[in-house]
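Quantities reported herein were computed from a predicted structural model and do not represent experimental measurements. Computed over heavy atoms, backbone and side chain alike; hydrogens, waters and symmetry mates excluded.
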Amino acid sequence: MPHLTPYPHADASGERKQLMDAVKGQFGAVINMFGTVAHSPAALKSMLGSFQALGGGRIDAALGEKIAVAIANRNDCEYCLSAHTVLGTKAGETPAAMEAARTGKAADPRTQAALDFALAVVEQRGHVGAGAVERLRAAGFDDEEIVEIVAHVALNLFTNYVNVVFGVEVDFPRVKPRQAA
């Protein structure tokens, strides 16, 4: 049972209604995570703005979704793991690639470097050192992309924490977190 129920879309007005309408337009409904965040229009505006900005960034959707599932799995966020597994396949990734990413694994070295870095940022709370950044550069990422990876990490921490703190009900096919091999 959720610790905070989603804000009723029918009761929304003003900026909150506009933001919730935008979510409904994108997903066909105000999915539970966004409905929960809608208790604060400022937080919802921040979340939606981050998704929109990063969606137009240099890190492509497939890599962004792989980063998201790796972080969600690490943080035991079933909601985000479930949602981003679906979104990853919609971005063209295979179910096998999404399954591998959830435990921080990838077939190609560039993606592996990004997942290693993203998980290190989470596990070490940002204290990764210059060597971690240099490994990303060696894998072919430029500074713009490296900053975007950190932004993806931050956004996913925000969504993971919202869903875990409030026990948001999963409204995607469920994918259970599991330990890395």
Point to revise | Tyr7 and His39 aromatic ring geometry - parallel, tilted or perpendicular at 30°/60° bounds | key: perpendicular
Review point. Hey, are Gln112 and Asp108 close enough side-chain-wise for a donor-acceptor pair under 3.5 Å?
Key: no
Check your understanding: Does one hydrophobic cluster hold both Leu4 and Val168, with members joined at side-chain heavy-atom distances below 4.5 Å?
Key -> yes
Exercise for review: Tell me whether Met98 is reachable from Leu119 by hopping between hydrophobic residues (I, L, V, M, F, W, Y) whose side-chain heavy atoms are closer than 4.5 Å.
Suggested key: no
Practice item. Show your working on side-chain contact (heavy atoms from CB on, under 4.5 Å) between Asn156 and His84 and close with a plain yes or no. Key: CA-CA 10 Å; Asn156 282 286; His84 289 288; 3.8 Å; yes
Review point. Is any side-chain heavy atom of Val150 closer than 4.5 Å to a side-chain heavy atom of Phe117?
Key: yes
**Study point:** Side-chain touch Leu115/Lys105, heavy atoms, less than 4.5 angstrom
**Key:** no
**Study point:** Gln52 atom CD, over 12 foreign heavy atoms within 6.0 Å
**Key:** no
Review point. Is there side-chain contact between Met33 and Tyr79, with at least one heavy-atom pair below 4.5 Å?
Key: yes
Check your understanding: Are any side-chain N or O atoms of Ser46 and backbone N or O atoms of Ala42, one a donor and one an acceptor, separated by less than 3.5 Å?
Key -> no
Exercise for review: For the pair Ile146 and Arg137, evaluate side-chain contact (heavy atoms from CB on, under 4.5 Å) and give the outcome as yes or no after the intermediate values.
Suggested key: CA-CA 8 Å; Ile146 294 168; Arg137 286 187 182 124; 3.7 Å; yes
Exercise for review: Tell me whether the guanidinium CZ or amine NZ of Arg110 lies under 6.0 angstrom from the six-membered ring centre of Phe141 and within 45° of its axis.
Suggested key: yes
Review point. Do Glu99 and Arg178 touch side chain to side chain, with heavy atoms closer than 4.5 Å?
Key: yes
Review point. So, are Glu145 and Arg58 salt-bridged, with charged N and O less than 4.0 Å apart?
Key: yes
Check your understanding: Does the pair Glu93/Arg102 count as a salt bridge with the N-to-O cut at 4.0 Å?
Key -> no
**Study point:** Side chain proximity check, Val122 to Val153, heavy atoms < 4.5 angstrom
**Key:** yes
Check your understanding: Within a strict 4.5 Å, meaning less than it, do heavy atoms of the Lys24 and Met20 side chains meet?
Key -> no
Review point. Between the side chains of Asn75 and Tyr161, does any donor sit under 3.5 Å from an acceptor?
Key: no
